[in-house]
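Have a look at the structure below before the remarks.
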Amino acid sequence: MIGCNFKFINSNDSNREEWILKTLKDIPEGQSLLDAGAGEQRYRKYCSHLEYVSQDFCQYKGKAIVGTGKDEVWNTDKIEIVSDIIDIPREDESFDNIMCTEVFEHIKRPELAIKEFYRLLKKNGRLVLTAPFASFTHMAPYHYYTGFNRFWYEEILTDNGFEIIEVTQNGNWFSYVGQEATRANYMSKEFSLKPMNLLAKGITFLFAKLMDKYAKLNKNSEEVACFGYNIIARKKQILSEININSH
């Protein structure tokens, strides 16, 4: 993670990774899974027990034009379905599962992606989602939203024929603020006329460590802010039971 050098606070990626790997492991052997917005297919190796298919629009090539990731290397040459995520060329009810991780902030109209996932999933099929609650600009220019609250998922998924099975928050307000504090040195180097000196770095370190302490004493601060949400939803209804185009 950009600018995060403190292992005790850098739990954003590790928390999410642990949850995704457990979720993938729990999918029954032989079921199909579409990895939507798969990018470099970081989870393909954990899907050997599944019929794994990857999709991505393959427009981002690394080297974001603004923000972070200017020196990024991003290779999507091995993607199997190259398409817009809201118009994936597969028949209705093609997949038992769809996974879409850390992608929604990069979709112009994320609700249309939900509708497309509904179309592609078999009845009772499962949708696995993660996205940030609050994110900085990355993969620019393909960055359209800073994040999503759990209320967004509850409203949009329900409106489009899904039943939410699991909502797990990743981190809390204290861990989120601590994470941002650890970015301060990087940000001062990249975006300030005066990079942080040793004293400033020390203060930042102590503040981040304090936030880490409070993160462990957390009492519902995730209702205010967190890293993001992990969602599992089930395709509940058949198309005739809802007006899928009414929203």
Side-chain angles (χ1 to χ4, degrees), residues 1-2 12-13 16-17 19-21 23-24 27 31-122 125-132 135-148 152-153 156-157 160 162 170 228-233 235:
M1 181 176 295
I2 295 294
N12 186 350
D13 286 343
R16 183 174 61 253
E17 191 87 349
W19 182 86
I20 291 172
L21 297 189
T23 300
L24 289 172
I27 297 175
Q31 286 196 358
S32 56
L33 179 137
L34 173 67
D35 189 354
E40 295 189 302
Q41 305 180 73
R42 64 186 291 183
Y43 297 113
R44 175 184 279 274
K45 62 184 177 182
Y46 302 108
C47 297
S48 59
H49 63 301
L50 305 173
E51 294 180 12
Y52 176 94
V53 179
S54 61
Q55 178 278 334
D56 199 274
F57 79 145
C58 296
Q59 296 297 307
Y60 182 69
K61 303 299 181 182
K63 303 186 184 304
I65 62 171
V66 296
T68 60
K70 296 177 184 176
D71 300 319
E72 195 170 42
V73 175
W74 195 256
N75 187 344
T76 55
D77 290 346
K78 295 182 180 180
I79 290 291
E80 290 149 310
I81 302 175
V82 179
S83 72
D84 193 318
I85 201 168
I86 67 172
D87 186 18
I88 298 173
R90 288 294 186 273
E91 295 181 359
D92 294 356
E93 300 187 351
S94 289
F95 299 99
D96 297 302
N97 306 272
I98 295 178
M99 177 174 69
C100 187
T101 61
E102 305 302 288
V103 174
F104 270 30
E105 70 269 33
H106 305 293
I107 304 174
K108 291 180 182 179
R109 300 173 183 85
E111 185 174 347
L112 296 184
I114 295 291
K115 293 179 185 292
E116 182 70 344
F117 296 161
Y118 181 94
R119 181 186 72 80
L120 291 168
L121 277 171
K122 298 176 183 179
R126 293 201 174 192
L127 177 60
V128 178
L129 296 174
T130 75
S135 66
F136 55 83
T137 300
H138 60 287
M139 291 186 163
Y142 305 105
H143 186 264
Y144 308 109
Y145 298 89
T146 55
F148 301 85
W152 187 88
Y153 298 105
I156 302 303
L157 287 171
N160 287 282
F162 286 94
N170 181 3
Y229 288 94
N230 308 325
I231 309 288
I232 300 177
K235 181 176 178 176

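Values in this document were obtained by computation on a predicted structure and should not be read as measured data.
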Next item on the list: Over all heavy atoms of both residues, which pair between Arg42 and Tyr46 is shortest? Give the atoms and the distance, please.
Entry: O-CE1, 3.8 Å
Check: Does the pair Glu93/Arg119 count as a salt bridge with the N-to-O cut at 4.0 Å?
Finding: no
Checklist line | Thr137 to Val66 - nearest heavy-atom pair and separation | finding: CG2-CG2, 4.0 Å
Next item on the list: Kindly indicate whether a cation-pi arrangement holds for Lys235 with Phe162, taking the cut-offs as under 6.0 Å to the six-membered ring centre and within 45° of the axis.
Entry: no
Notebook entry, point to check: Side chains of Tyr43 and Thr101: closer than 4.5 Å at any heavy-atom pair?
Noted result: yes
Check: side-chain contact (heavy atoms from CB on, under 4.5 Å) between Phe95 and Glu51: does it pass, once the steps are laid out?
Finding: CA-CA 9 Å; Phe95 299 99; Glu51 294 180 12; over 6 Å; no
Next item on the list: Would you mind reporting whether Leu24 and Ile27 have side-chain heavy atoms less than 4.5 Å apart?
Entry: yes
Next item on the list: Could you walk me through whether Ile114 and Phe104 pass side-chain contact (heavy atoms from CB on, under 4.5 Å), step by step?
Entry: CA-CA 10 Å; Ile114 295 291; Phe104 270 30; 3.6 Å; yes
Check: Under a 4.5 Å cut-off applied to non-hydrogen side-chain atoms, are Val82 and Thr76 in contact?
Finding: no
Item checked: Distance (rounded to the nearest 0.5 Å) between Ser83 OG and Gln55 CD -> 4.0 Å
Item checked: NZ/NE/NH1/NH2 to OD/OE distance under 4.0 Å, Arg16 and Glu102 -> yes
Notebook entry, point to check: Do you know the tightest heavy-atom contact between Glu40 and Val73?
Noted result: OE2-O, 3.6 Å
Item checked: Approximate separation, where rounding is to 0.5 Å, of Asp56 CG and Asp84 CG -> 10.5 Å
Check: What's the shortest heavy-atom distance between Ser94 and Ser32, and which atoms?
Finding: O-OG, 3.9 Å
Next item on the list: Check whether the ring centres of Phe136 and His138 lie less than 6.0 Å apart, and answer yes or no.
Entry: yes
Next item on the list: Return the minimal non-hydrogen interatomic distance between Ile79 and Ala38, and the atom names on each side.
Entry: CD1-CB, 3.9 Å
Next item on the list: For the residue pair Glu105 and Ser135, confirm or rule out a side-chain donor-acceptor distance under 3.5 Å.
Entry: no
Margin query: Under a 3.5 Å threshold, yes or no: a donor from one side chain and an acceptor from the other, between Asn230 and Asn170?
Written below: no
Margin query: Counting only heavy atoms not in Lys45 (residues, nucleotides, ligands), do more than 12 fall under 6.0 Å from its NZ?
Written below: no
Note to self: Give me the atom names and distance for the closest heavy-atom approach of Ile98 to Ala36.
What the structure shows: CG2-CB, 4.3 Å
Checklist line | CZ-CG distance between Phe57 and Asp87, expressed to the nearest 0.5 angstrom | finding: 15.0 Å
Next item on the list: Quickly, which of Leu157, Asn160, Ile85 forms a side chain to side chain contact (heavy atoms under 4.5 Å, CB included) with Phe117? Name it, please.
Entry: Ile85
Check: Cut-off 3.5 Å, side chains only: do Glu80 and Tyr52 have a donor facing an acceptor?
Finding: no
Note to self: Rounded to the nearest 0.5 Å, what separates atom CG in Leu129 from atom CD1 in Ile20?
What the structure shows: 10.5 Å
Margin query: Could you check whether any side-chain heavy atom of Val128 comes within less than 4.5 Å of a side-chain heavy atom of Ile231, counting everything from C-beta outward?
Written below: no
Next item on the list: Kindly indicate whether the side chain of Met139, heavy atoms from C-beta on, has any atom under 4.5 Å from the side chain of Trp74.
Entry: yes
Margin query: Less than 4.5 Å apart, side chain to side chain, heavy atoms only: is that true for Leu127 and Ile232?
Written below: no
Checklist line | Gln41 versus Asp35, side-chain donor and acceptor atoms under 3.5 Å | finding: no
Next item on the list: Rounded to the nearest 0.5 Å, what's the gap from CG on Leu112 to CD1 on Ile86? Could you check?
Entry: 5.0 Å
Notebook entry, point to check: Is it true that Phe148 and Tyr229 have ring centroids separated by less than 6.0 Å?
Noted result: no
Notebook entry, point to check: Does a side-chain heavy-atom distance below 4.5 Å link Ile88 with Glu116?
Noted result: yes
Notebook entry, point to check: What's the spacing between Arg109 CZ and Tyr144 OH if we round to 0.5 Å?
Noted result: 9.5 Å
Check: Counting only N and O atoms by type, is there a donor-acceptor contact under 3.5 Å from the side chain of Lys61 to the main-chain atoms of Cys58?
Finding: yes
Next item on the list: Would you mind reporting whether Asp96 and Arg126 have side-chain heavy atoms less than 4.5 Å apart?
Entry: no
